[in-house]
Amino acid sequence: QVQLVESGGGLVQAGESLRLSCAASGSIFSVNAMGWYRQAPGKQRELVAVVPSGGSTNYADSVKDRFTISRDNAKNTLYLQMNSLKPEDTAVYYCNAVLKRFSSTKFTIYWGQGTQVTVSS
C-alpha cells in the first residue's frame, strides 16, 4: 500500500508563513516527480510547484519568489515553504507523486487527501 499524507495547513493572516509537508509511505521502489497542487473555492485545481527527481524546480507565476518546494529523498517527503501569503492563496493543497511500487512494473500517479490553507486579509 502507498499513501501520501499532507500536513501543515491552517489559518493565517496575510503576510504570514506556513510550511506544508507530504509524507509518502508504503512499498515504494522509486519516486520520480513530486509536486503541489491547489484548488480554491469555485475554481479548478492548478499546479503550484513541482520538483523532479533530478532536482530542478518549477513554480506557477502566482507563487514565484514567495513559495519554495523541496524534497527529502531519503524520507520520501515533500515540503512547501509558503511566505508572504495572500488571501488568494486560500485553497486546499494537494500533494502529488509519480512513483513505482515494488510490486509494479510501471510508474503511477498518486494523490494525497489535501490540507486546507486559509489566509485572511
With rounding to the nearest 0.5 angstrom, report the [atom1] to [atom2] distance, [X] to [Y].
{"X": "Glu16", "Y": "Ser120", "atom1": "CD", "atom2": "OG", "value": "7.5 Å"}
{"X": "Phe67", "Y": "Ser84", "atom1": "CZ", "atom2": "OG", "value": "9.0 Å"}
{"X": "Arg19", "Y": "Asn83", "atom1": "CZ", "atom2": "CG", "value": "10.0 Å"}
{"X": "Ile69", "Y": "Leu78", "atom1": "CD1", "atom2": "CG", "value": "4.5 Å"}
{"X": "Asn32", "Y": "Met34", "atom1": "CG", "atom2": "CE", "value": "11.0 Å"}
{"X": "Ser7", "Y": "Tyr93", "atom1": "OG", "atom2": "OH", "value": "15.0 Å"}

- Item | Gln3 CD: over 12 foreign heavy atoms closer than 6.0 Å |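 No, because the 6.0 Å sphere around CD of Gln3 holds 12 heavy atoms or fewer from other groups.
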- Message: Using the salt bridge (charged side-chain N to carboxylate O under 4.0 Å, His left out) criterion, which residues pair with Arg45? Sequence neighbours excluded.
- Response: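 So Arg45 forms no salt bridge (charged side-chain N to carboxylate O under 4.0 Å, His left out) with any residue.
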- Query: What residues, two or more places apart in sequence or in another chain, satisfy ring pair (Phe, Tyr, Trp, His ring centres under 6.0 Å) together with Tyr37?
  - Reply: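 Only Trp111 meet the ring pair (Phe, Tyr, Trp, His ring centres under 6.0 Å) criterion with Tyr37.
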Under 3.5 Å, side chain of [X] to main-chain N/O of [Y], donor-acceptor pair present?
{"X": "Thr68", "Y": "Gln81", "value": "no"}
{"X": "Thr90", "Y": "Val119", "value": "yes"}
{"X": "Gln113", "Y": "Glu6", "value": "no"}

According to a hydrophobic-cluster definition based on side-chain heavy atoms being under 4.5 Å apart (Ile, Leu, Val, Met, Phe, Trp, Tyr only), do [X] and [Y] belong together?
{"X": "Val51", "Y": "Tyr79", "value": "no"}
{"X": "Phe102", "Y": "Tyr110", "value": "no"}
{"X": "Val92", "Y": "Met82", "value": "no"}
{"X": "Leu80", "Y": "Tyr94", "value": "no"}
{"X": "Val50", "Y": "Ile109", "value": "yes"}

Any non-hydrogen side-chain atom of [X] less than 4.5 Å from a side-chain atom of [Y]?
{"X": "Thr108", "Y": "Val2", "value": "no"}
{"X": "Leu99", "Y": "Arg101", "value": "yes"}
{"X": "Asn73", "Y": "Val31", "value": "no"}
{"X": "Cys22", "Y": "Trp36", "value": "yes"}
{"X": "Arg38", "Y": "Ser62", "value": "yes"}

- Message: Determine whether Tyr59 and Arg66 satisfy the following criterion, side chain to side chain contact (heavy atoms under 4.5 Å, CB included), listing intermediate values before the conclusion.
- Response: CA-CA 10 Å; Tyr59 299 89; Arg66 297 190 298 118; over 6 Å; no
- Item | SB check Lys86 Asp89 (cutoff 4.0 Å) |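 No, this pair does not count.
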- Taking it one step at a time, do Asn58 and Leu47 satisfy side chain to side chain contact (heavy atoms under 4.5 Å, CB included)? CA-CA 10 Å; Asn58 293 287; Leu47 175 68; 6.0 Å; no
